[in-house]
A.B. asks: 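My questions all concern the structure below.
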Amino acid sequence: MRPSLALAASVVMHAILGALASSGAQEAAKPANEDPTARPRARMVQRHLVERGIKDPRVLDAFRTVPRHKFLAPGTDRQAYDDESIPIGEGQTITPPYDVAFMTEVLDPKPDDVVYEVGTGSGYQSAILSRLVKEVYSVEIHRPLGERAAKVHQELGYTNIHTRVGDGYEGWPEAAPFDAIIVTCAPQRIPAPLVDQLKEGGRMVIPLGDRFTQSVWLVTKKDGKLERKELKPTLFVPMTGKALRETAEPKPDR
């Protein structure tokens, strides 16, 4: 080979080796445990939350952090970051991300709040809240769901969530009063124990109505009385247990 050709070949070879070394360095720089769901989660936040009006930066950060796929039944995790209601067993569903975000933002969670949740379900709503408040107390009436949610919380290290199996209608008297209460199933009437266990000035977000006609309400306790604001139509599974014995309360004058 002539010297000029040999020199050219050497230059090309060094360029190839350099490119390979650079590529290898970039691969080595990537974390070995990089979360493959981080990008789908970020897309979910932008497409289904930000573009639909969710603004609270703390709420948005919580949704970027909490791995929704961990709260789904096996075989359904491909839908994890779509805005879908997905069956989780026991006739229950995981609430679509937008609805979770909407109710969370309306609840206006503060870092020092102690929050009570009726209906642990998959455990996703309480996980979101746990990133935003001091303590979360959550009750689930279906034992398999309550136990599974508690296990997922433990695996993820969410130690400020306290769960138990029971009728959420009764509240959690030992932990009361609560700064805020969120209800993720629909009674026809606000349970009296929840009113009693809500702090003065506290907020409650709750869906009210029958099986197919419901609205989300924001309820604030002032001077021992409830101020109510109807927010938007919704569709949650009905609250069971003692709530089934109660008839619908008349809508307040607006």
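The chain is numbered in sequence order, starting from 1.
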A.B. asks: Could you tell me which residues satisfy ring-ring contact (aromatic ring centres under 6.0 Å, His included) with Y116, sequence neighbours excluded, listed by chain and number?
C.D. replies: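 Partners of Y116 by the ring-ring contact (aromatic ring centres under 6.0 Å, His included) criterion, ordered by chain and then number, come out as F178.
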A.B. asks: Membership question, hydrophobic clusters at under 4.5 Å side-chain separation (ILVMFWY): are V216 and L198 in the same one?
C.D. replies: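 No, L198 and V216 fall in different hydrophobic clusters.
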A.B. asks: Nearest heavy-atom pair of I206 and P191: which atoms, and what distance?
C.D. replies: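 Scanning both residues completely, I find the closest heavy atoms to be CD1-CD, 4.2 Å.
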A.B. asks: Starting from L145, can I reach I182 by hopping between I/L/V/M/F/W/Y residues whose side chains sit under 4.5 Å apart?
C.D. replies: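 The answer is yes; both residues are in one hydrophobic cluster.
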A.B. asks: Identify the two heavy atoms, one from L107 and one from I181, that lie closest to each other, and give their separation to 0.1 Å.
C.D. replies: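 For L107 versus I181, the nearest heavy atoms are CD1-O, 3.4 Å.
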A.B. asks: Is there a salt bridge (Lys or Arg N to Asp or Glu O under 4.0 Å) between R64 and D61? Walk through the geometry before answering.
C.D. replies: CA-CA 5 Å; R64 293 187 185 102; D61 282 345; 2.8 Å; yes
A.B. asks: To the nearest 0.5 Å, what is the distance between OG1 (T76) and CD1 (I94)?
C.D. replies: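 The OG1 atom of T76 sits 8.0 Å away from the CD1 atom of I94.
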A.B. asks: With sequence neighbours excluded, what pairs up with H162 under the ring-ring contact (aromatic ring centres under 6.0 Å, His included) test?
C.D. replies: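 In terms of ring-ring contact (aromatic ring centres under 6.0 Å, His included), with neighbours along the sequence ignored, H162 is linked to Y137.
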A.B. asks: Step by step, work out the salt bridge (Lys or Arg N to Asp or Glu O under 4.0 Å) result for D113 and K199.
C.D. replies: CA-CA 11 Å; D113 280 352; K199 275 185 181 178; over 6 Å; no
A.B. asks: Look at atom CD of Q154 and say whether more than 12 heavy atoms of other residues, nucleotides or ligands are closer to it than 6.0 Å.
C.D. replies: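 No.
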A.B. asks: For a quick test of reading the model, state the closest non-hydrogen atom pair linking V133 to P109 and the distance between them.
C.D. replies: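 In terms of heavy atoms, the two residues are closest at CG1-CB, 3.5 Å.
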A.B. asks: So which atom in I141 and which in V165 form the shortest heavy-atom distance, rounded to 0.1 Å?
C.D. replies: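 Nearest heavy atoms, I141 then V165: O-CG1, 4.1 Å.
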A.B. asks: Holding to side-chain hydrogen bond (donor to acceptor under 3.5 Å, both in side chains), I want the full list of residues that pass it with Q214, two or more places apart in sequence or in another chain.
C.D. replies: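 With sequence neighbours excluded, Q214 shows a side-chain hydrogen bond (donor to acceptor under 3.5 Å, both in side chains) to no residue whatsoever.
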A.B. asks: Can you name the residues that form a side-chain hydrogen bond (donor to acceptor under 3.5 Å, both in side chains) with T37, not counting sequence neighbours?
C.D. replies: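 Expected list: D35, R41.
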A.B. asks: Can you name the closest pair of heavy atoms from S85 and P96 and give their distance?
C.D. replies: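 Where S85 meets P96 most closely, the heavy atoms are N-CG, 3.6 Å.
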A.B. asks: What do you reckon, is NZ of K151 surrounded by more than 12 foreign heavy atoms closer than 6.0 Å?
C.D. replies: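 Not more than 12 within 6.0 Å, no.
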A.B. asks: Evaluate K55 against E105 for salt bridge (Lys or Arg N to Asp or Glu O under 4.0 Å), listing each step before the verdict.
C.D. replies: CA-CA 8 Å; K55 295 181 174 62; E105 186 172 61; over 6 Å; no
A.B. asks: Inspect the surroundings of NZ in K110 and state if more than 12 heavy atoms from other residues, nucleotides or ligands are less than 6.0 Å away.
C.D. replies: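 Correct, the count exceeds 12.
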A.B. asks: Is it true that the side chains of T184 and Q125 contain a donor and an acceptor less than 3.5 Å apart?
C.D. replies: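 T184 vs Q125: no donor-acceptor pair found between side chains.
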A.B. asks: Just verifying a value: how many Å separate M204 CE and K221 NZ, rounded to the nearest 0.5 Å?
C.D. replies: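 Separation between the atoms: 8.5 Å.
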A.B. asks: Do you know which of E140, E147, E117, E174 makes salt bridge (Lys or Arg N to Asp or Glu O under 4.0 Å) with R164?
C.D. replies: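 That would be E174; it is the only one of E140, E147, E117, E174 passing the salt bridge (Lys or Arg N to Asp or Glu O under 4.0 Å) with R164.
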A.B. asks: Measuring from atom CZ of R228 to atom CD1 of I190, what distance do you get when rounded to the nearest 0.5 angstrom?
C.D. replies: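 Atom-to-atom, R228:CZ and I190:CD1 are 4.0 Å apart.
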A.B. asks: Is a donor on one side and an acceptor on the other found under 3.5 Å between the side chain of Q197 and the backbone of W172?
C.D. replies: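 Here the side-chain-to-backbone pair exists.
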A.B. asks: Could you state the interatomic distance from CG (L194) to CG (L226), rounded to the nearest 0.5 Å?
C.D. replies: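 The CG atom of L226 is 10.5 Å from CG of L194, to the nearest 0.5 Å.
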A.B. asks: From the options D210, L244, L208, select the one residue that forms a side chain to side chain contact (heavy atoms under 4.5 Å, CB included) with Q188.
C.D. replies: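 Looking at D210, L244, L208, the match for Q188 under the side chain to side chain contact (heavy atoms under 4.5 Å, CB included) is D210.
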A.B. asks: Return the set of residues passing side-chain hydrogen bond (donor to acceptor under 3.5 Å, both in side chains) with T120 (not counting sequence neighbours), or none when no residue passes.
C.D. replies: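 With neighbours one apart ignored, the set is S138.
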A.B. asks: Find the distance between OH (Y124) and CD1 (I88) and round it off to the nearest 0.5 Å.
C.D. replies: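 Rounded to the nearest 0.5 Å, the OH-CD1 separation comes out at 13.0 Å.
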A.B. asks: Taking the side chain from Q92 and the backbone from P87, do they hold a donor-acceptor pair closer than 3.5 Å?
C.D. replies: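 Not confirmed, Q92 side chain does not pair with P87 backbone.
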A.B. asks: Using residues 46-54 as the side-chain source, report each donor-acceptor pair under 3.5 Å to any protein atom, sequence neighbours left out, with the distance given to one decimal.
C.D. replies:
from, atom 1, to, atom 2, distance (Å)
R52, NH1, D83, OD2, 2.8

A.B. asks: What about V100 and V45, same hydrophobic cluster or not, with Ile/Leu/Val/Met/Phe/Trp/Tyr joined at side-chain heavy-atom distances under 4.5 Å?
C.D. replies: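 Same cluster.
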A.B. asks: Return the minimal non-hydrogen interatomic distance between D82 and R68, and the atom names on each side.
C.D. replies: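 So the minimum-distance heavy-atom pair works out to O-NH1, 3.5 Å.
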A.B. asks: Could you tell me the separation between the CG atom of L231 and the CZ atom of F102, rounded to the nearest 0.5 Å?
C.D. replies: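 Output value for this atom pair is 4.5 Å.
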